[in-house]
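Below is one structure; the comments refer to it alone.
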Amino acid sequence: MRRAAVKGGRAGSRTARRGPGRGKADAGLRGLAPALLVDLYVTMRRIRRAEETIAALYPEQEIRCPTHLSIGQEAGATGVCLALRPTDTAVSTHRCHAHYIAKGGDLRGMFAELYGRATGCCGGKGGSMHLTAPEVGMLGASAIVAGSVPLAVGTALAARMAGADEVAVAFFGDAAMEQGVTHESLALAALRRLPVLFVCENNLYATNTPLRTRQAGRDMAARAASHWLPGVIVDGNDVVAVYRVAKAAVERARRGGGPTLIEVKTYRFREHVGPNYDIDLGYRTQVELDRWMAREPVGGLARRLERAGVLPAARRVALDTQVEAEVADAVAFAKASPFPEPAALFADVE
Amino acid sequence: MRRAAVKGGRAGSRTARRGPGRGKADAGLRGLAPALLVDLYVTMRRIRRAEETIAALYPEQEIRCPTHLSIGQEAGATGVCLALRPTDTAVSTHRCHAHYIAKGGDLRGMFAELYGRATGCCGGKGGSMHLTAPEVGMLGASAIVAGSVPLAVGTALAARMAGADEVAVAFFGDAAMEQGVTHESLALAALRRLPVLFVCENNLYATNTPLRTRQAGRDMAARAASHWLPGVIVDGNDVVAVYRVAKAAVERARRGGGPTLIEVKTYRFREHVGPNYDIDLGYRTQVELDRWMAREPVGGLARRLERAGVLPAARRVALDTQVEAEVADAVAFAKASPFPEPAALFADVE
Amino acid sequence: MRQLKYREAIDEATRQAMAKDERVFVMGVGVDDPKGIFGTTRGAFEEFGSSRVFDTPLSEAALTGMGVGAAMRGFHPLLVHARNDFLLLTMDQIANNAAKWRYMCGGKLKVPLTIRAIIGRGWGQAAQHSQSLQAVFAHVPGLSVIMPATPADAKGLLMTALSSDGPVICLEHRWLYDKSGPVPEDTYYTPLGVGSVVRPGRDVTIVAVSHMVLEALQAAEALAGEGIEAEVIDPRTLRPLDSALICRSAARTGRLVIADTGWRSYGVSAEIAARAAEELWGLLKAPIRRVALPEVPTPGSSALETPYYPGAREIVAAVKQSLEG
Amino acid sequence: MRQLKYREAIDEATRQAMAKDERVFVMGVGVDDPKGIFGTTRGAFEEFGSSRVFDTPLSEAALTGMGVGAAMRGFHPLLVHARNDFLLLTMDQIANNAAKWRYMCGGKLKVPLTIRAIIGRGWGQAAQHSQSLQAVFAHVPGLSVIMPATPADAKGLLMTALSSDGPVICLEHRWLYDKSGPVPEDTYYTPLGVGSVVRPGRDVTIVAVSHMVLEALQAAEALAGEGIEAEVIDPRTLRPLDSALICRSAARTGRLVIADTGWRSYGVSAEIAARAAEELWGLLKAPIRRVALPEVPTPGSSALETPYYPGAREIVAAVKQSLEG
Ligand SMILES: Cc1ncc(C[n+]2csc(CCOP(=O)(O)OP(=O)(O)O)c2C)c(N)n1
Ligand SMILES: Cc1ncc(C[n+]2csc(CCOP(=O)(O)OP(=O)(O)O)c2C)c(N)n1
Ligand SMILES: [Mg+2]
Ligand SMILES: [Mg+2]
């Protein structure tokens, strides 16, 4: 198990503050194209605003499906997916909005799906937990914890058999490490040295249950060792760190170096499912939440890029406005779209 | 992961020869009661002769069930079970004869079960793969690889809830490490610090498939790390070494120190299932088989105890004769026993 | 009599069973969570504490095996799942171990294990969170399968499950938790294999399972308005199944409609229909009708949920077809 | 025509499908083993090598998920299990993923995955190695379930499965592998959902599944000796099920006996009986009879296997009951 950076792994703690103080050059950004850095920002911003919009609209009760928001966790999906090509594939979980968007999934298709419309990315049949966009390599998501993990091993196997140098990513949460099939999958990928990235977004909770009551240790990456593949821990609120770790693992996988388990240490701001905050439930402390909110990744990157002179405030505002327009357009599209015909019920079965 | 002894872990290799040369005192036996050492021998001898007898009688086609023999692997079951109390529990696999006998199961009940008789330890309903003797803590076996592993975690949990200081043992093979439920079980036991011994008898093969084509690494004990419990490797053909490792793990578990994964490196002499040798199948070499047979545990301990003056030849011959009589009696009992009445078919269901 | 909600009846049964028998304990994902499992386990947690009611990792298969092991060691675990879809992860432990261990060891050991799981429905939970898998479990010898539809049965059947010495699968429909009904305060044990006549009638027999009992009662109400008296029977337990009660009723009414919350083909409605057809030879006035889910996974969109789920309307239609012969 | 054994027909279908379509590959525990899977996969291994036919770890759940993933990526995995009992470890991947993925994503992705598994019987394999679990799979929309009983159907149905674009479960009874029958040498595709009349007759219809087809033919032979002409129908596939063929025959004979290799309650025989009862109203001369396994796990002792398994004798008895009305 390796820690990607001194500051990695102790996410939420003092040492994890990103970037240098004023003035000093930001070593963390060295060697990364400005366009990429801006893309990282815009993608995270798109995820954030799309989900904040879902939260805002949810009370209208027109989004009639459970929604698991990733607000606060945008850096994991973004850092990993921007290290991928469209031909690389990803599978996800119940909390799949960020992965769908970061992989390049169409916002209109996503909102229409949440609204249960025929124009949704799954024709209205899947809902929030099964977002799919094969055209950009997003192969869908399972609402069964860890259910999609072995699928990535299979797509990686298929890619190799097809002679393609694609990489397959499985996104999953910390609780998925408690499912046997995840361990079987890690071991299988290691055995066959398949090009798989196992990305565990450790947000410290499963529903309202803290990690410590579910697992004897704290680091998910440690669990790679016994399956003979490398495990890396990265600060999941530092999208640049995530990108670098993912990029290295992707290149290694493409070269035939085999799979990597990447643990992305991060934190969920809202309730497990639904639009609200849930501090009232008492399963976590305000102090903990505040500490993580202080390290919120989207604004964090904005400030950092501004400081580094990569993304001046003015340009950022323009980009933000663009994102607002995209989201508004997607919502309008969804609301204006027709519901599926009853006949659709019987299509796409066998 | 710890290696129990310099010679542990490289079972089958030069360095693994047990005991000292002529003359020198046998440090490996130090501190162990002669009665225990003799018991280790007699138990292994009982297993060996019972199974050789099954092999000899199998062609008669009166034992009408698949039999998975442990010939060559007697030290694992024996070393572990003699470190247990009758109130401690064990569950096993398709290859359960040795565990049943070592735990103290009745030979008559075992042979009658193999012969499908009403007097069998399972009333004839289970056969060779489900030997059960709750009166001595043998809680049965599953023919589904790894199927019984979590049961030991449950009996350990129950024992603790009952305020009893019992230890639960799960015996399983190297292939069971490939089943997700084994990993879930290791993690659960570690999380709750339950008194469980996970005993993986690594005989290097699953049916006719070598370990290297199934797992990326060689040491099963290494797989404990990612579940945060200790893993120990021991020379599985050295019953004394196995006993010492098991004893330590049992005492630790009884004290509330939690579970241990013990990897017993050993080797199966006969075919996966059935009475014959199978070198003709070509999945393993004669050289490999010979090397392991040279380290055959029963005769090995006999010579060692004789050298150490613990068990003189004359006394051993007497004990061997006694074992022959036990086995002969069990076979006679089985053959003379009635088959279950058809009505038994409908008993013991709900 | 005192009214309780279905969820409260389950909570009460759990606490009374735990008070009577210290071998009973509760485990499962979220069982100590105030919001978890519709509040059916929180009461037990507060009364008996974390030693007898504890949250678990997401390791459903191993947890089930743990339950089997603890049961063999003399306890009675109550394993709780937020959705019956998750039971598919535990089929090996349920069907190969829990259901068979007692048989395989010739009765030397028993496996008193109760597994509760919820049937989801609605709000776009879609294909993996809204299945109704009772037929899968009811097919396996060695298991008992109960599906209480009323608060009283929820308490009585769960009490029986928690005092029985074999594995019992208890499937609870999500839409029942807030329904109220009379529930005796003392402990009582509703026997397995005994159905109940929820509403007497002479013209047609409607056998309904779980939430379909409520739909059947609505249907019966509507039919009564047209002068059709439907008898509604709730088998309450699927394994064992009270075919005698069903057949007595249908023999009298001459007409049988079966309403299940699961898929039609190879489902619960098939077994009930098959038994009735066997035993009611010459006694039926019309073909048996089945009301069950169409042969597709659960769709996500609310626009598709509506045509997906049959209810009182479809039961009424089936009854009328049956009356037309 | 050329005679082949059932095992040889499967081997040939596998090799022909792989030759025609490079997307087909084979994986499973022991598939490259000369003794493995009754020699049905070794031929493909020798012809196509370890890149397209490979042995695997004992990780049935993940392997099934791998199959789903590889299928979504454009391949057609043939996943092979030595016993259908092991499928219980993979129910989540089969029922929650393979069967539903296509539906959940609105048809954007397909899951062409074929899973072969063997139904064990005899020689004291006992409860965990001798189940016949077809009803469990046949209940799940999104899956196809095939159970070839003859070498010709084994080849034709497997060819169809390997060229179909959805998940197919193929269950093969252990006692069929050494049976011989005519098998065309060229590739051919036996359609799903089309049963076959294995033996024509006018007095009674016997619907038999998998190995029960052979028992039914023996029964028919014996009955013919007494002047009773039984028509034996093999549905061949359970999902989709050719009820039309069954009903046409039973409408003509007026009598129906169903013989399944699985348990009776909530089993395959129930669905067939339920459909027949629905569609043959007024056309049957006697109650439908079911011949299936008793409601207990498989016993180990040969002395108990005999009374456990029904066969030709029980079918004959059922037919006679049916003829007595
Ligand atoms: C097998 C299974 N068990 C339980 C659930 C219910 N459930 C849905 S999400 C969730 C928590 C998952 O936690 P984690 O994997 O850490 O992902 P996160 O929600 O934190 O992103 C649970 C318990 C489920 N969907 N699948
Ligand atoms: C889940 C499952 N898959 C496959 C099998 C078939 N099978 C029986 S024993 C065996 C090999 C097991 O190897 P191992 O666990 O190393 O035990 P050993 O036989 O070497 O003692 C296999 C593959 C099974 N019984 N269960
Ligand atoms: Mg989490
Ligand atoms: Mg082995």
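Reminder, nothing fancy here: chain letters follow the sequence lines and each chain counts from 1.
A donor-acceptor pair under 3.5 Å is formed between the side chain of C/Gln128 and the backbone N or O of A/Ala143. Within the 3.5 Å criterion, the main-chain N or O of A/Pro66 finds no donor-acceptor partner in the side chain of C/Gln125.
From C/His129, atom NE2 reaches atom SG of A/Cys65 across 12.0 Å, with rounding to the nearest 0.5 Å. Between C/Glu60 atom CD and A/Ile144 atom CD1 the span is 8.5 Å, to the nearest 0.5 Å.
By the 6.0 Å contact criterion, CD on A/Glu341 is open, its count of non-hydrogen atoms from other residues, nucleotides or ligands being 12 or less. Heavy-atom neighbours of A/Glu288 CD from other residues, nucleotides or ligands within 6.0 Å: above the threshold of 12.
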Worked verdict on A/Thr209 versus C/Asp55 for side chain to side chain donor-acceptor pair (under 3.5 Å) = CA-CA 8 Å; A/Thr209 306; C/Asp55 196 3; 2.5 Å; yes

Do A/Leu345 and C/Val296 pass the side chain to side chain contact (heavy atoms under 4.5 Å, CB included) test, and can you show the C-alpha distance, the side-chain angles, and the key distance before you say yes or no?
-> CA-CA 7 Å; A/Leu345 184 63; C/Val296 304; 4.1 Å; yes

Do A/Met177 and C/Leu58 pass the side chain to side chain contact (heavy atoms under 4.5 Å, CB included) test, and can you show the C-alpha distance, the side-chain angles, and the key distance before you say yes or no?
-> CA-CA 8 Å; A/Met177 289 301 323; C/Leu58 271 74; over 6 Å; no

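Only the side chain of C/Ser302 comes within contact range of chain A, with at least one heavy atom under 4.5 Å from a heavy atom of that chain. Interface remark: A/His94 contributes no atoms to any contact with chain C (heavy atom separation under 4.5 Å). Proximity to chain C (any heavy atom under 4.5 Å) is shown, for A/Ser142, by both the backbone and the side chain. In this structure, no portion of C/Leu88 lies under 4.5 Å from any heavy atom of chain A. Interface remark: A/Ile63 contributes backbone atoms only to the contact with chain C (heavy atom separation under 4.5 Å). Contact of A/Gln61 with chain C is made through backbone and side chain together, with heavy-atom distances under 4.5 Å. Neither the backbone nor the side chain of C/Pro34 comes within contact range of chain A, judged by heavy atoms closer than 4.5 Å. Using a 4.5 Å cut-off between heavy atoms, C/Tyr308 touches chain A through backbone and side chain atoms alike. Neither the backbone nor the side chain of C/Glu305 comes within less than 4.5 Å of any heavy atom in chain A.
Looking at A/Asp278, A/Leu281, A/Thr207 one by one, the single match for side-chain contact (heavy atoms from CB on, under 4.5 Å) with C/Lys35 turns out to be A/Leu281.
Here A/Pro340 is the residue among A/Ala146, A/Pro340, A/Ser128 with the most heavy-atom pairs under 4.5 Å with chain C. Taking chain C as the reference chain and counting heavy-atom pairs below 4.5 Å, the highest number among A/Glu350, A/Lys125, A/Arg214, A/Arg64 is found for A/Arg64. If you tally non-hydrogen atom pairs under 4.5 Å between each of A/Gly127, A/Ala206, A/Ala175 and chain C, the highest count goes to A/Ala175.
The minimum heavy-atom distance between C/Ser301 and A/Gly116, with the atom names listed, is OG-O, 2.7 Å.
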